[in-house]
K.L.:
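Quick one: the structure is below, questions incoming.
Convention: sequence-line order gives letters A, B, ...; per-chain numbering from 1.
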Amino acid sequence: LLTDIKIHVKFKLSALWVSVMFCYVYGDYFNMYTPGKLDAMAAGNIGVGPATDGVLLGVSIMMAIPSVMVFLSLVLHPSVNRWVNVALGLGYSVILGLTMLGAPLFYIFLGFVEIALTLLVTWFAWTWPMGVESETP
Amino acid sequence: MRLKMEMTRIKLAALWIVVMFSIVMADIIGFIHPGTLQKIIDGDFGFPISSELLLVFSVFTAIPIVMIFLNLILPVKAGRWVNTLAVILTTLFVVGGGSATYSYFFFATLEIASIIAVMWYAWKQLGKTELVNHQPARTVKNVV
């Protein structure tokens, strides 16, 4: 008999955050190919104003949260895990929606993929069945 | 049905994924930092950027990359020591490859925190299995 393991919600959430991160990485990377973008970057302009140390720290924190969720989705207690994922899924959908305003076409595409993924995070977290099975693995 | 599960392996793999994304984002945001691009164009780092140097960087970068997979397959004892070696080398890379910006300090802190967690899981948890409720998604008869 071949049996297929049923994938626990935790793993789905963790994998969704991995996918979200790759969208961010490639959104940023392809963005450098946009004509004029590198000149603006070299001049210290990142679209939201001057790229000061403080602004870049803010951007770094925003990028680090989905990355840490790859791990936290696996270890947080289900009762906390669920709400953190519901909130961050919604929060990041809104943030990405805002950064898509006036963005190049490729970025809007990656943005839609990213929003689909973060809405799935919220959906899976919201519908996470709470009970004995939710505690394992 | 109850099954044994090595959840620690997956947690370790996830921690190395966090380390990798921190490294990638630190590099991208490093590019965005005013002046970095001009330095690259001018080769103005105070030392030559040779292909040998880039090879060294690539080797150091490949370490956390392969740890994502190796944690799923290595025997427990080997896993402990390979994780320890990878942690030492990655710490050297993170500290040695740094730039004095808030953003780099932030990512470096996150990377170090993640690999401290790696050490804890590798030495305190790896090898322990937990029983889980196994619900097969589907069962297929092997017809071979």
K.L.:
Could you name the residues of residues 85-104 of chain A that have a heavy atom within less than 4.5 Å of a heavy atom in chain B?
P.N.:
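If one takes a 4.5 Å heavy-atom cut-off, no residue of residues 85-104 of chain A lies near chain B.
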K.L.:
Which pair of heavy atoms, one from P34(B) and one from G44(A), lies closest together, and at what distance?
P.N.:
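It is CG-CA, 3.7 Å.
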K.L.:
List the steps and the verdict of side chain to side chain contact (heavy atoms under 4.5 Å, CB included) for M41(A) and T36(B).
P.N.:
CA-CA 9 Å; M41(A) 259 169 59; T36(B) 306; over 6 Å; no
K.L.:
Considering only heavy atoms, which portion of D53(A) lies under 4.5 Å from any heavy atom of chain B: side chain, backbone, both, or neither?
P.N.:
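Looking at D53(A), backbone and side chain both touch chain B.
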K.L.:
Within a 6.0 Å radius of atom OH on Y33(A), are there more than 12 heavy atoms belonging to other residues, nucleotides or ligands?
P.N.:
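Result for OH/Y33(A): open.
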K.L.:
Working to the nearest 0.5 Å, report the span between OH of Y102(B) and OG1 of T52(A).
P.N.:
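With rounding to 0.5 Å, OH (Y102(B)) is 9.5 Å from OG1 (T52(A)).
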K.L.:
Chain A heavy atoms under 4.5 Å from Y104(B): which part of the residue, side chain, backbone, both or neither?
P.N.:
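Contact with chain A involves no heavy atom of Y104(B) at all.
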K.L.:
Working to the nearest 0.5 Å, report the span between OG1 of T101(B) and CG of L57(A).
P.N.:
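Here the interatomic distance stands at 9.0 Å.
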K.L.:
Linking I/L/V/M/F/W/Y whenever any side-chain heavy atoms sit under 4.5 Å apart, do V68(A) and V80(A) land together?
P.N.:
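As far as the 4.5 Å side-chain criterion goes, V80(A) and V68(A) are connected within one cluster.
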K.L.:
Looking at F112(A), I'd like to know if its CZ atom is crowded, meaning that more than 12 non-hydrogen atoms belonging to other residues, nucleotides or ligands lie closer than 6.0 Å.
P.N.:
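Count not over threshold, so no.
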K.L.:
Check the hydrophobic clustering (I, L, V, M, F, W, Y; side-chain heavy atoms under 4.5 Å; chains of links allowed) and say if I73(B) and V66(B) are grouped together.
P.N.:
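Same cluster.
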K.L.:
Surrounding CH2 of W123(A) (heavy atoms of other residues, nucleotides or ligands, distance under 6.0 Å), is the total greater than 12?
P.N.:
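Open: at most 12 neighbouring heavy atoms sit under 6.0 Å from CH2 of W123(A).
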K.L.:
Who in residues 10-25 of chain B is close to chain A, using a strict under-4.5 Å heavy-atom cut-off?
P.N.:
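Within residues 10-25 of chain B, near chain A: I10(B), K11(B), A14(B), L15(B), I17(B), V18(B), F21(B), S22(B), V24(B), M25(B).
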K.L.:
Could you tell me if the side chain of Y121(B) sits less than 4.5 Å from the side chain of V75(A), heavy atoms only?
P.N.:
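Yes. Closest side-chain heavy atoms under 4.5 Å.
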K.L.:
Shared ILVMFWY cluster between V59(B) and V95(B), side chains joined below 4.5 angstrom?
P.N.:
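No: no chain of side-chain contacts under 4.5 Å links V59(B) to V95(B).
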K.L.:
Which residues from residues 85-93 of chain B are near chain A, with near meaning under 4.5 Å between non-hydrogen atoms?
P.N.:
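From residues 85-93 of chain B, none sit under 4.5 Å of chain A.
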K.L.:
Chain A contacts: which residues in residues 106-118 of chain B have a non-hydrogen atom closer than 4.5 Å to it?
P.N.:
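Residues F106(B), F107(B), L110(B) are the ones that qualify, each having a heavy atom under 4.5 Å from chain A.
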K.L.:
Give, as side chain, backbone, both or neither, the part of V18(A) having an atom under 4.5 angstrom from any heavy atom of chain B.
P.N.:
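The answer is both parts of V18(A).
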K.L.:
Find out whether M32(A) and I28(B) are in side-chain contact, i.e. whether some heavy atom of one side chain is under 4.5 Å from a heavy atom of the other.
P.N.:
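Yes. Closest side-chain heavy atoms under 4.5 Å.
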K.L.:
Does W123(B), at its CH2 atom, have more than 12 non-hydrogen atoms belonging to other residues, nucleotides or ligands within less than 6.0 Å?
P.N.:
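Enclosed: over 12 neighbouring heavy atoms sit under 6.0 Å from CH2 of W123(B).
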K.L.:
More than 12 heavy atoms of other residues, nucleotides or ligands under 6.0 Å from CZ of F22(A): is that the case?
P.N.:
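Atom CZ in F22(A) is not packed in, count stays at 12 or less.
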K.L.:
Minimum heavy-atom separation for V59(A) to I29(B), with atom names?
P.N.:
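Nearest pair, atom of V59(A) first, then I29(B): CG1-CD1, 3.8 Å.
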K.L.:
In this structure, would F31(B) and L54(B) fall into the same cluster of hydrophobic residues linked by side-chain contacts under 4.5 Å?
P.N.:
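Both belong to a single hydrophobic cluster.
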K.L.:
Examine M62(A) and M21(A) and state if one hydrophobic cluster contains both, with Ile, Leu, Val, Met, Phe, Trp and Tyr joined whenever side-chain heavy atoms are less than 4.5 Å apart.
P.N.:
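Yes, one cluster joins them.
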K.L.:
Looking at CG of N45(A) and CD1 of I32(B), how far apart are the two atoms once the value is rounded to the nearest 0.5 Å?
P.N.:
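One gets 11.5 Å once the value is rounded to the nearest 0.5 Å.
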